[in-house]
Protein chains: 2
Amino acid sequence: MRGFAESPIEKPKTVAEQVANVLREAIASGTLKAGTALRQDELAEEFGFSRMPIRDALRQLEAEGIVSIHPTKGAHVTRMDGAEIGEIYAVRELLECEALRLSIPAISDGKLDEAEQALDQIDAERNVGRWGALNRTFHLLLYHACGNQRLLGLIEAHHNAADRYVRILLSSLDYRTRSQSEHRDLLAACRQRDGRKAVNVLRQHLREGSATLVNAIEDGGMSRRP
Amino acid sequence: MRGFAESPIEKPKTVAEQVANVLREAIASGTLKAGTALRQDELAEEFGFSRMPIRDALRQLEAEGIVSIHPTKGAHVTRMDGAEIGEIYAVRELLECEALRLSIPAISDGKLDEAEQALDQIDAERNVGRWGALNRTFHLLLYHACGNQRLLGLIEAHHNAADRYVRILLSSLDYRTRSQSEHRDLLAACRQRDGRKAVNVLRQHLREGSATLVNAIEDGGMSRRP
DNA sequence: ATTGGGATATAAGTATCCTCGTGTACGAGT
DNA sequence: ACTCGTACACGAGGATACTTATATCCCAAT
């Protein structure tokens, strides 16, 4: 879009950022389960860095709501119950519906094509771990033209926060089929530039996701104490 | 509610938190102006602590959007232009209207009385610095019963982010008069439990605030480079 | 059984040192 | 006079080693 020298030159990556990325993915993928203690010296040794950048990473993840830090008790992977998931989805509904509403009049056909490709990739993808990312990509592409960076940032943050739970949803073939069908409907409404319909489909999509997830967590025992 | 010894026993306060609070207030009050470099060793010496808790504090403020951290360039007080203020207000409108809508059916008369007291205090208060806090208190009291902690958290964060700019607004007698009149209308609608009206008043209130502020910043030169 | 220490583990905080990217200022070459 | 390159200073990121404070758990004395 903007560059001639393309992307590779960006701002330097700090160790803290890299550590945060690894931890974020580990938490999202379920490698680090809810409630796990994240001890700084342990992580420091494991990653081969000092405590300083590890603390920075943990702070960052705390801001994202993925990790909870209590003074003297340290950092733990945030444990979420059904109520919290419900809250996140309520906020997502609010934010994403608004972003979609704003985006639709401005969205380019190119972006819609990209979104469609993301859907096709989801259908084709066999690696469970990739579905979460593709799902997010699809949604964010639709909101991209909303013109409010802060709104987009919040949406992304809430995707991150719920990611590891969403992946539980996506691992069910049944849910994935239903979800994909809703995605196609949503995309169709976007292509027609029918904002009202698109928003309604999205709202329904998120509410179903929320209900399914809250159920799974409540009686699946995801939130049991160890 | 829960205690016998009241509040003082809560979780221990870390140095980082205290530093963050002081810095947040200094930025909100305008003591630290937009663009100011926040050098860690300087702050460390000034506060009489080491760099570690100062870094933690800066990270936290970064998460709140008050401070921007660039690797190798360090931390600076976030500089906002009219567009960013507009974005914040757009998000506030979205979040706060929803919170109010959810809150109204559940809000207690006691909270409404408290909110009214906050308004009276604003009228009585002579200290400019207190208006911001009272203004926030009033708004948050109305949303308190919305039942979504995360939503409340986001609202508070956005108050923080825009605080130092809102204070510019509030320092104008003209705006304050108008704002208070809108606040009274809003409260009245809440007392009648008229959700639609209350939300409309709030929306209008925020839009006026946004427009006034964006104007003030665009031609007031608040966002000039140093 | 209850209380009241220790002992241990871990987070928080301190102090110092090193490396490296960035900006600036000065001097050489044209 | 203008550009370019180098030298140098500064500050952030990071490493390392040490101290302090706060839990928690276990055991011993009452």
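So you know, we letter chains A, B, ... as the sequences are listed, proteins then strands, and number each from 1. Atom set for the values below is all heavy atoms of this structure, side chains included, hydrogens, waters and symmetry mates excluded.
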In whole Å, what is the span from the [atom1] atom of [X] to the [atom2] atom of [N]?
X: B:Met52; N: C:dT14; atom1: CE; atom2: C1'; answer: 9 Å
X: A:Arg59; N: D:dG14; atom1: CZ; atom2: C1'; answer: 18 Å
X: A:Ile54; N: C:dT10; atom1: CD1; atom2: P; answer: 16 Å
X: B:Glu17; N: C:dA12; atom1: CD; atom2: P; answer: 10 Å
X: A:Glu42; N: C:dT10; atom1: CD; atom2: P; answer: 7 Å
X: A:Arg55; N: D:dA12; atom1: CZ; atom2: C1'; answer: 17 Å
X: A:Gln18; N: D:dG13; atom1: CD; atom2: C1'; answer: 12 Å
X: A:Ile69; N: C:dA11; atom1: CD1; atom2: P; answer: 11 Å

Task: Verdict with reasoning, B:Arg203 to B:Glu96, per salt bridge (charged side-chain N to carboxylate O under 4.0 Å, His left out) - done: CA-CA 9 Å; B:Arg203 177 165 282 124; B:Glu96 299 193 23; over 6 Å; no
- [ ] May I ask you to decide if B:Gly86's main-chain N or O and B:Ser210's side chain share a donor-acceptor pair within less than 3.5 Å?
- [x]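 Absent.
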Task: Close aromatic pair by centroid cut-off 6.0 Å: A:His139 and A:His205 - done: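 Yes.
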Task: Ion pair B:Asp41/B:Arg51, N-O distance below 4.0 Å - done: no
- [ ] Using a strict 4.0 Å threshold on nitrogen-to-oxygen distance, state whether B:Asp163 and B:Arg136 make a salt bridge.
- [x] yes
TODO: For A:Asp41, report the nucleic acid contact type (base, sugar-phosphate, nothing); a contact means any heavy atom under 4.0 Å.
DONE: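 Sugar-phosphate contact only - A:Asp41 comes under 4.0 Å of backbone atoms but never of a base.
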- [ ] Give one of base, sugar-phosphate or nothing for A:Ala16, where a contact means two heavy atoms less than 4.0 Å apart.
- [x] sugar-phosphate
TODO: Between A:Phe49 and A:Lys73, just flag the one whose closest nucleotide in DNA chain D comes earlier from the 5' side.
DONE: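 It is A:Phe49, whose closest nucleotide lies nearer the 5' terminus.
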Of the options [options], whose atoms approach the side-chain atoms of [X] most closely?
X: A:Gln40; options: C:dA11, C:dG21, D:dG13; result: C:dA11
X: A:Arg39; options: C:dT10, C:dA12, D:dG14; result: C:dT10
X: A:Arg51; options: C:dG13, D:dA15, D:dG13; result: C:dG13

Open item on the list: Counting only side-chain nitrogens and oxygens, does A:Ser50 get under 4.0 Å of the OP1 or OP2 atom of D:dA15?
Closed with: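 For D:dA15, OP1 or OP2 has a side-chain N or O of A:Ser50 closer than 4.0 Å.
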